[in-house]
Amino acid sequence: MMCQYMVLESWLNDGAETGQRGLIFGFYMVATYLGLSAGQIILMTQVGSGSSSLLIVALCYALCLVPMALTTRTNPHPMTPAPMELGYFFHAIPKILLITLATGMAVGAFYGMAPVYTSQLGFTTKQTGLFMAITIFAGLISQFPLSWLWTVSIGGACCSVPQYFIRWPLCR
């Protein structure tokens, strides 16, 4: 699935005009969040863990490839691969690397531990699915203002705030 995200995002990045890139990625994130929250709702309606749940997931996964297959746009230009050395990334993009690490840890902790937390509160499986669908949908709601802010060039300022909080403890 991560390979599919990587290919799709590079295809969108290559085909988008500079002034429209934020809006296009905003719509992409909305579609992603809609799919994730709809997946929670669909899995909530399934009884048991039979093969029908797996078939629904496989069908949805296959259907997400249809827009790319139907497009008339060109393929992205081949990119030069970056060296697979951790030191290269620490020197080339140190702030982005730290922000990505912190964000990934926070998001992973939330998505991994929120269902555990709700089960500790006594939620049923369906209630936990609904809770997760609502939180994913809340992330969807935030995508339009953030993509608009990025398009009007305020996004760079919005991204510098998390960088400050990550960099501040490191500079002390």
Side-chain angles (χ1 to χ4, degrees), residues 1-14 16 20-44 49 53 56-57 60-61 64 79 81-172:
M1 189 164 110
M2 294 314 299
C3 289
Q4 185 177 7
Y5 275 136
M6 184 178 65
V7 169
L8 179 60
E9 289 174 8
S10 65
W11 180 70
L12 286 174
N13 191 39
D14 189 58
Q20 295 292 317
R21 190 167 285 136
L23 188 62
I24 288 171
F25 273 98
F27 279 114
Y28 162 71
M29 291 307 297
V30 165
T32 300
Y33 279 101
L34 271 176
L36 289 171
S37 59
Q40 294 292 318
I41 300 295
I42 290 170
L43 291 177
M44 271 177 35
S49 58
S53 298
I56 290 172
V57 171
C60 291
Y61 186 76
C64 70
M79 298 182 341
M84 295 304 292
E85 299 169 5
L86 195 56
Y88 169 79
F89 292 106
F90 276 122
H91 293 295
I93 51 171
K95 290 180 185 177
I96 294 173
L97 195 61
L98 288 174
I99 290 169
T100 302
L101 178 67
T103 304
M105 288 171 59
V107 170
F110 175 77
Y111 284 126
M113 295 308 292
V116 174
Y117 175 71
T118 57
S119 70
Q120 293 294 321
L121 290 177
F123 285 25
T124 65
T125 304
K126 288 185 179 186
Q127 289 171 329
T128 299
L130 182 61
F131 174 80
M132 292 304 293
I134 290 170
T135 58
I136 292 169
F137 191 76
L140 178 146
I141 299 298
S142 70
Q143 292 306 309
F144 279 113
L146 291 176
S147 65
W148 178 78
L149 284 172
W150 189 264
T151 301
V152 296
S153 297
I154 301 173
C158 291
C159 288
S160 65
V161 172
Q163 288 178 4
Y164 172 77
F165 286 111
I166 288 174
R167 186 177 45 150
W168 180 70
L170 298 176
C171 295
R172 292 185 97 200

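The basis for the numbers below is simple: all heavy atoms, side chains too, and nothing from hydrogens, waters or symmetry mates. Just so you know, residue 1 is the first one in the sequence shown, and it goes up from there.
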Atom pair [atom1]/[atom2] of [X] and [Y] - distance to nearest 0.5 Å:
| X | Y | atom1 | atom2 | value |
| --- | --- | --- | --- | --- |
| Ile41 | Phe137 | CD1 | CZ | 10.5 Å |
| Tyr88 | Ile93 | OH | CD1 | 8.0 Å |
| Thr135 | Leu130 | OG1 | CG | 9.5 Å |
| Thr103 | Leu98 | OG1 | CG | 10.5 Å |

Would one find more than 12 heavy atoms of other residues, nucleotides or ligands at under 6.0 Å from atom CZ of Phe90? no

A quick test of your reading: do over 12 heavy atoms of other residues, nucleotides or ligands sit less than 6.0 Å from CZ of Phe110? yes

Which pair of heavy atoms, one from [X] and one from [Y], lies closest together, and at what distance?
| X | Y | result |
| --- | --- | --- |
| Thr118 | Pro115 | OG1-O, 2.9 Å |
| Met44 | Gly129 | SD-C, 3.4 Å |
| Gln40 | Ala133 | CB-CB, 3.8 Å |

Anything under 30° is parallel, anything over 60° is perpendicular, the rest tilted; go ahead and classify Phe131 against Phe123. perpendicular

Could you check whether any side-chain heavy atom of Ile136 comes within less than 4.5 Å of a side-chain heavy atom of Leu140, counting everything from C-beta outward?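 No, too far: nothing below the 4.5 Å cut-off.
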
